[in-house]
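No hydrogens, no waters, no symmetry mates; every other heavy atom, side chains included, goes into these values. For clarity, every value in this text was computed on a predicted model and none was experimentally measured.
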Amino acid sequence: HVQLVESGGRVVQAGGSLRLSCAASGRSFSLHAVGWFRQVPGKEREFVAFINWNGDTTMYMDSVKGRFTVSRDNAKSTAYLQMSSLKPEDTAVYYCAAKEAPVSPAARFEYDYWGQGTQVTVSS
């Protein structure tokens with residue numbers, strides 16, 4: 001079992017940067033891939049980024065490529081989402097999720113464990 005807690009969300013101006021953290025409890029975090037998703041009211045939760053168990057495979061949604069970077073530190077049981085050149089359309093609640101070996105990393109139904117989310121607001 002893995003418990004996830006996101007942190008780092010806040011209000012930031014457009015063009016700014018922010019780093020989100022996803023802290024995991026449980027000894028098996030290093031066996032789990034991590035996905036980052038985001039959701040705005042009235043819309044479905046959408047895939048943002050993915051990192052596999054050892055960090056050598058990453059994936060991004062098209063609109064964040066070149067701006068967001070996903071990483072992890074298994075020794076600290078923490079995954080990160082570094083966001084730069086933020087835009088107002090990046091405003092959302094950001095969630096991290098974990099799954100041992102997702103077949104479809106961008107599919108939210110793949111993931112077994114979810115955090116509670118952290119609010120990111122980008123002001124124009």
> In terms of hydrophobic clusters joined by side-chain contacts under 4.5 Å, are Leu81 and Val2 together?
Replying inline: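 No, no single cluster joins them.
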
> Shortest non-hydrogen contact from Ser21 to Thr78?
Replying inline: CB-CG2, 4.2 Å

>> Side chains of Tyr94 and Arg38: any donor to acceptor distance under 3.5 Å?
In response: yes

> Same hydrophobic cluster for Tyr80 and Phe68, using side-chain heavy-atom links shorter than 4.5 Å among ILVMFWY?
Replying inline: no

>> Return the CH2 to NE2 distance between Trp53 and His32, rounded to the nearest 0.5 Å.
In response: 13.0 Å

> Under 3.5 Å, is there a donor-acceptor pair between the side chain of Glu110 and the main chain of Ser104?
Replying inline: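 Indeed, once roles are kept as given, a pair shorter than 3.5 Å links the two residues.
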
> Are the side chain of Asn52 and the backbone N or O of Asp56 linked by a donor-acceptor pair below 3.5 Å?
Replying inline: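 Side chain of Asn52 to backbone of Asp56, a donor-acceptor pair under 3.5 Å: yes, one is there.
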
> Is there a path from Val122 to Leu18 through hydrophobic residues (I, L, V, M, F, W, Y) whose side chains come within less than 4.5 Å of each other?
Replying inline: yes

> Can you tell me how far the CD atom of Glu6 sits from the SG atom of Cys96, to the nearest 0.5 Å?
Replying inline: 4.0 Å

> Going through the checks in order, is the side chain to side chain contact (heavy atoms under 4.5 Å, CB included) test met by Val120 and Thr91?
Replying inline: CA-CA 5 Å; Val120 173; Thr91 295; 5.9 Å; no

>> Ignoring hydrogens, what is the shortest heavy-atom contact between Phe50 and Ala33? Give both atom names and the distance.
In response: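 Where Phe50 meets Ala33 most closely, the heavy atoms are CE1-CB, 3.4 Å.
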
> Taking the six-membered ring of Phe47, is the NZ or CZ of Arg108 close enough (under 6.0 Å from the centre) and on axis enough (within 45°)?
Replying inline: no

> If you take all heavy atoms of Gln116 and Val5, which pair is closest and at what distance?
Replying inline: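 Looking at all heavy atoms of both residues, the shortest contact is OE1-CA, 3.7 Å.
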
> Which atom pair, heavy atoms only, marks the closest approach of Ser124 to Pro88?
Replying inline: CB-CG, 3.8 Å

>> So, taking the atom named OG in Ser84 and the one named CZ in Arg67, what distance separates them when rounded to the nearest 0.5 Å?
In response: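 Between atom OG of Ser84 and atom CZ of Arg67 there are 7.5 Å.
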
> Which heavy atom of Ser85 sits nearest a heavy atom of Asp90, and at what distance?
Replying inline: O-OD2, 4.5 Å

>> Check this for me, if you would: do Lys65 and Asp62 make a salt bridge, where the nitrogen-to-carboxylate-oxygen distance has to be below 4.0 angstrom?
In response: yes

> With side chains defined as the heavy atoms from C-beta onward, is the minimum distance between Arg10 and Thr121 less than 4.5 Å?
Replying inline: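 Side-chain contact under 4.5 Å: no.
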
> Is the centre of the Phe37 ring less than 6.0 Å from the centre of the Trp114 ring?
Replying inline: yes

> Going from OG on Ser30 to CZ on Arg72, what distance comes out if it is rounded to the nearest 0.5 angstrom?
Replying inline: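 CZ of Arg72 is found 7.5 Å from OG of Ser30.
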
>> Measuring only between side-chain heavy atoms, which start at C-beta, is Ser17 closer than 4.5 Å to Gln82?
In response: yes

> Under the side chain to side chain contact (heavy atoms under 4.5 Å, CB included) criterion, do Phe29 and Val34 qualify, and how do the steps go?
Replying inline: CA-CA 9 Å; Phe29 174 74; Val34 172; 3.8 Å; yes

> Is there a chain of hydrophobic side chains (I, L, V, M, F, W, Y, each step under 4.5 Å between heavy atoms) that links Tyr113 to Ile51?
Replying inline: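 No; Ile51 is not reachable from Tyr113 via cluster members.
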
>> Strictly distance-based, threshold 3.5 Å: is any side-chain N or O of Tyr111 a donor or acceptor partner for the main-chain N or O of Pro105?
In response: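 Yes, because the side chain of Tyr111 sits within donor-acceptor range (under 3.5 Å) of the backbone of Pro105.
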
>> Is there a path of hydrophobic side-chain contacts, each under 4.5 Å between heavy atoms, that joins Leu20 and Tyr60?
In response: yes

> Quick one: are Trp36 and Met83 in side-chain contact, heavy atoms under 4.5 Å?
Replying inline: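 No. Closest side-chain heavy atoms not under 4.5 Å.
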
>> So Leu86 and Gln13, do their side chains get closer than 4.5 Å, heavy atoms only?
In response: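 Result no, sub-4.5 Å side-chain heavy-atom pair not found.
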
> Would you say Thr118's side chain and Ser7's backbone share a donor-acceptor pair under 3.5 angstrom?
Replying inline: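 Answer holds: no.
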
> Rounded to the nearest 0.5 Å, how far apart are CZ of Arg19 and OG of Ser71?
Replying inline: 7.0 Å

> Rounded to the nearest 0.5 Å, what separation is found between the CD atom of Gln39 and the CD atom of Glu44?
Replying inline: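 With rounding to 0.5 Å, CD (Gln39) is 8.5 Å from CD (Glu44).
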
